[in-house]
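This report refers to the structure that appears directly beneath it.
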Amino acid sequence: MTIRTRFAPSPTGFLHIGGLRTALFCWLYARGRAGRYVLRIEDTDLERSTPEAIQQILDGLAWAGLAHDEGPFYQTQRFDRYREVLDELLAQGRAYRCYCTKEELEQMRNEQIARGQKPRYDGRCRERSAPREGIPPVVRFKNPTEGSVVVNDVVHGPVEFQNRELDDLIIARSDGSPTYNFCVVVDDMDMRITHVIRGDDHLNNTPRQMNMLTALGYTPPVYAHLPMILGPDGTKLSKRHGAVSVLQYRDDGFLPEALLNYLVRLGWSHGDQEVFSIEEMIRLFDIADVNKSAAAFDPEKLAWLNQQHLMRVPLERLIAPLREQLAHLSIDAADDAQLMAIAAVQRERAKTLKEMAANSLFFFRAPERYEAKATRKHVTAEVLRALEALIEDLRAVSDWSAPTLHALLHAQCERHALSLGKIAQPLRLAVSGGTVSPPIDATLAILGKVETLRRVERALSAWRADLFAQANRI
RNA sequence: GUCCCCAUCGUCUAGAGGCCUAGGACACAUCCCUUUCACGGAUGCAACCGGGGUUCGAAUCCCCGUGGGGACGCCA
C-alpha cells in the first residue's frame, strides 16, 4: 500500500518552526518510501482564518522546498461532503442533535470543575426525542461509554484512553458548520491517509478521532505524535523568542537546508552525524526513530549548521540570496561572477548570508575612513615606504590574480624585511577601512586592479599627511 | 482539578541490562595552524531528577514521588 502523509495547518497565523518540522517529517517520510505527501488547509474557523496566512504558509513551505504531491485541499470547499457524512452518522444513530444552550453547558462545566471533575458533556440530549423550540441544535458524536481506545503511537508506543473519560464532542455547530475533529476524520478517511504525523498536542484528540473513524467503518491510520519544540529558555515557543515566521529565517540569511537540517535533528538523530543534505535526510529518516521528549530551540546551533551548509552548498546557490541581502544594504550587485567569487571567500567567515553581505560591503563601497586604532598600530613610516614600493609593482601587474598578487606581496616583504602581516594589515585598512577581510591577495583580486590602486593611493596620501602632521607636532 | 505525555552535560543528542571511567555536536575556555577574521585540528569544562524495588549487575526494566508539558471550546 502506498504511504500517504499529510500536513494540515490551520491558516490562523504564520507558519512557524514547529509547523515546519511537522511538515518536514511528513514530507521526509513520504519521500523516503515512495509515498505521497498531501497538503491540506484546515480553514473551518472562518473567524480566524485569513488569505494572508494561507499565502504565508504556502510561501514558507515553498521556500523550504517541501513541495506537496497533492493539494492544497481546503476544508471550506468540502462542506457538502462533511454534511453528507454527518447525515449518515445521524441516520445511523451514531450522532444526535443537542439542544443544550451555551449557558447550560457553561453551568455544567462550572459545577464539574467545582466538584474537582474533568469538565465534560454529560450526554443529556442523547435520548431526547423532541426538539426544543427556538434553539438551533448542534450535532454531537455518540462516543462509546465503555471500554477503551488504544492509540498505537509510533513514537510513544501504546497509549490507552478510557472511553468514560471522553465525552460526546460537537461535530457540527448550531449554524451547521462542521468542527475540526470531524473534518479531520472525514478528510483523513477520504484522502486515504495512512500515516498521521502531527504535534504532541493532538494526542488527546486521537481516541475521539479513532472512535469516529471506527463508527464510519474505517480502519484508523497509523499515528505518530511529535514532541513539541520549546523556546531556548525551555518554555513554550512564542513571538518573544524571535522569529515567528519561517520566512523570517530566509530574510535573516539562512539556507532552507540548514533550517531543515536543524529541525530534523530536534528529536531525531543518526549516529554522530550532525550535517545532513536533503538527500541524506530522506534516505535516513524514519518516524520510528523519533524521540518522545520536547526539545529546546537553540539559535546558536542553527547558526553553526547554517555556516556548515554555506560551506558545502554549490557556490551558484549563494548568488541569488547574497544579491538579495546586498540589495537590502542598497547595493546593486549585478555581476554573477563577482558574487560567486565573494561567496567563495566569505562563506567560511559568515554564519548567515545577511552577515556575509554586511562583511562584503566594502567590495562595493570604498571606505570613508580608516579605523583609527588600527591605523595607529599598523601604519608607520617604514610600512609606508614598503607600500609605496608595492604600489609600483601593482601598477605593472597585467595578470591581476590572487597568486600573482601573493607573489608580489611576498617579494616586497622580503625586500623590506617585513612579515606578511605587517603589509597585509595596512592594505586591508586601505581597501576596507578595517582589519578584517578574506586573505588579502584574494580580496585585492576580487576588488580589481583599478579599484585597488585607487583605494591604496588614496590611503597612502591620507597617511602621508597624517605622519607629516604628527612629526611636526612633536 | 481530571486525563494524557515527558525526564542523560547549559542546549541538541548516543545509549534498547554488563561494551559506560556515560560517547558525539553546539556554546564556552586553552592551545595549534595562520596574513587579519574565520575555517580546520587538539585539549579541557560539563549530565543519567529523587526514592524504592527486580537482577550477580540498571542510565537502561517496574513502582512511587518530584518537576515540566499537553488536553479538557459551538478554536484548530
Side-chain angles (χ1 to χ4, degrees), chain A residues 8-13 42-45 47-49 75 98 100-102 105-106 109 112-120 136-140 151 153 156 159-162 164-167 169-175 177 179-181 183-184 199-207 225 227-228 230 232 234-236 262 265-275 291-305 307-308 311 345-351 359 374 378 406 409-410 413 419-425 427-429 432 434-441 443:
Chain A
S10 71
T12 53
E42 310 217 320
D43 54 354
T44 50
D45 186 351
E47 305 278 298
R48 298 194 303 155
S49 299
Q75 292 188 322
C98 167
C100 294
T101 63
K102 287 184 183 179
L105 295 174
E106 182 64 20
R109 245 193 300 279
Q112 287 164 331
I113 290 171
R115 259 181 275 134
Q117 293 171 336
K118 180 194 230 173
R120 52 194 288 285
V138 298
V139 177
R140 288 181 185 272
V151 181
D153 194 278
H156 289 278
V159 182
E160 183 175 12
F161 292 86
Q162 296 301 322
R164 83 179 103 83
E165 294 292 336
L166 275 22
D167 63 358
L169 74 156
I170 293 174
I171 57 180
R173 304 182 181 93
S174 48
D175 66 1
S177 64
T179 61
Y180 164 77
N181 274 110
C183 296
V184 167
D200 241 353
D201 46 344
H202 288 288
L203 186 53
N204 287 289
N205 285 328
T206 309
H225 288 92
M228 304 270 90
L230 276 19
T235 65
K236 196 173 176 178
Y262 178 72
R265 282 284 290 101
L266 246 36
W268 177 84
S269 64
H270 183 259
D272 288 340
Q273 189 171 346
E274 294 288 349
V275 183
N291 279 166
K292 301 176 215 247
S293 55
F297 186 84
D298 181 4
E300 302 257 31
K301 188 150 184 180
L302 203 214
W304 174 77
L305 264 176
Q307 179 166 36
Q308 294 300 313
M311 292 191 295
V345 293
Q346 292 287 47
R347 59 174 168 180
E348 64 198 35
R349 26 182 71 76
K351 302 262 192 210
N359 294 345
H378 298 293
H406 192 188
L409 285 175
H410 252 294
C413 284
S419 65
L420 192 50
K422 282 271 188 275
I423 207 153
Q425 284 305 76
L427 270 177
R428 272 198 180 84
L429 269 174
S432 77
T435 55
V436 176
S437 89
I440 194 65
D441 48 2
T443 301

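Numbered from 1 within each chain, the chains take letters A, B, ... in sequence-line order.
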Atom [atom1], compared across [N] and [M]: separation rounded to whole Å:
| N | M | atom1 | value |
| --- | --- | --- | --- |
| B:rC48 | B:rU11 | P | 12 Å |
| B:rA42 | B:rC33 | C1' | 11 Å |
| B:rC56 | B:rA29 | C1' | 43 Å |
| B:rA7 | B:rU34 | P | 48 Å |
| B:rA76 | B:rA71 | C1' | 13 Å |
| B:rA58 | B:rU21 | P | 12 Å |
| B:rC19 | B:rU60 | P | 13 Å |
| B:rC26 | B:rC6 | P | 30 Å |

| task | Please check if any side-chain donor atom of A:Thr206 sits under 3.5 Å from a side-chain acceptor atom of A:His225, or the reverse. | result | yes

| message | What I want to check is whether the side chains of A:Ser177 and A:Asp175 have a donor and an acceptor closer together than 3.5 Å. | response | yes

Indicate whether OP1 or OP2 belonging to [N] is found under 4.0 Å from a side-chain N or O atom of [X].
| X | N | value |
| --- | --- | --- |
| A:Gln112 | B:rC3 | no |
| A:Ser437 | B:rU36 | no |
| A:His225 | B:rC5 | no |

Send over the distance from [X] [atom1] to [N] [atom2], rounded to a whole Å.
| X | N | atom1 | atom2 | value |
| --- | --- | --- | --- | --- |
| A:Gln307 | B:rA25 | CD | C1' | 15 Å |
| A:Glu42 | B:rA76 | CD | C1' | 7 Å |
| A:Ile440 | B:rU36 | CD1 | P | 12 Å |
| A:Leu266 | B:rA25 | CG | P | 18 Å |
| A:Asp153 | B:rC5 | CG | P | 10 Å |

If you look at every strand shown and take non-hydrogen atoms under 4.0 Å, does [X] touch a base, only sugar-phosphate, or nothing?
| X | value |
| --- | --- |
| A:Gly267 | sugar-phosphate |
| A:Tyr262 | nothing |
| A:Gln308 | sugar-phosphate |
| A:Asn181 | base |
| A:Ile113 | nothing |
| A:Glu165 | sugar-phosphate |
| A:Pro9 | nothing |

Suppose we define a pair by two distances each less than 3.5 Å, Watson-Crick or G-U wobble; what does [N] pair with here?
| N | result |
| --- | --- |
| B:rG44 | B:rC28 |
| B:rU35 | none |
| B:rA7 | B:rU66 |
| B:rU21 | none |
| B:rU2 | B:rA71 |
| B:rU54 | none |

| message | Using only modelled atom types and a 3.5 angstrom limit, is any donor from either the side chain of A:Glu274 or the base of B:rG24 paired with an acceptor on the other? | response | yes

| field | 5' precedence on RNA chain B between A:Met311 and A:Ser293 (nearest-nucleotide basis) | value | A:Ser293

| said: Working to the nearest 0.5 angstrom, can you tell me the gap between A:Thr435 OG1 and A:Leu429 CG? | reply: 6.5 Å

| message | Just verifying a value: how many Å separate A:His410 NE2 and A:Asp441 CG, rounded to the nearest 0.5 Å? | response | 9.0 Å

| query | Do A:Asp298 and A:Tyr262 have side chains that get closer than 4.5 Å, going by heavy atoms? | reply | yes

| query | Okay, side chain of A:Ser432, backbone of A:Arg428: is any donor-acceptor separation there less than 3.5 Å? | reply | yes

| field | Minimum-distance nucleotide (side-chain atoms of A:Ala296 versus B:rU13, B:rU11, B:rA76) | value | B:rU11

What nitrogen or oxygen pairs link the protein and nucleotides 65-75 of chain B at under 3.5 Å?
unit_1 : atom_1 : unit_2   : atom_2 : d
B:rG70 : N2     : A:Asn204 : OD1    : 3.4
B:rG70 : N2     : A:Asn204 : ND2    : 3.3
B:rA71 : O4'    : A:Asn204 : ND2    : 3.3
B:rC72 : O2'    : A:Pro119 : O      : 2.7
B:rG73 : OP2    : A:Arg109 : NH1    : 3.3
B:rC74 : O2     : A:Ser174 : N      : 3.0
B:rC74 : O2     : A:Ser174 : OG     : 2.9
B:rC74 : N3     : A:Ser174 : OG     : 3.0
B:rC75 : OP2    : A:Arg173 : NE     : 2.1
B:rC75 : OP2    : A:Arg173 : NH2    : 2.9
B:rC75 : O3'    : A:Arg173 : NH2    : 3.2
B:rC75 : O2'    : A:Asp45  : OD2    : 2.5
B:rC75 : O2'    : A:Arg48  : NH2    : 3.0
B:rC75 : O2     : A:Arg48  : NH2    : 3.2

Distances under 3.5 Å between protein N/O atoms and the N/O atoms of nucleotides 26-30 of chain B, please, pair by pair.
unit_1 : atom_1 : unit_2   : atom_2 : d
B:rC26 : O2'    : A:Lys301 : N      : 3.4

| A:His202 atom NE2, neighbour heavy-atom count above 12 within 6.0 Å | yes

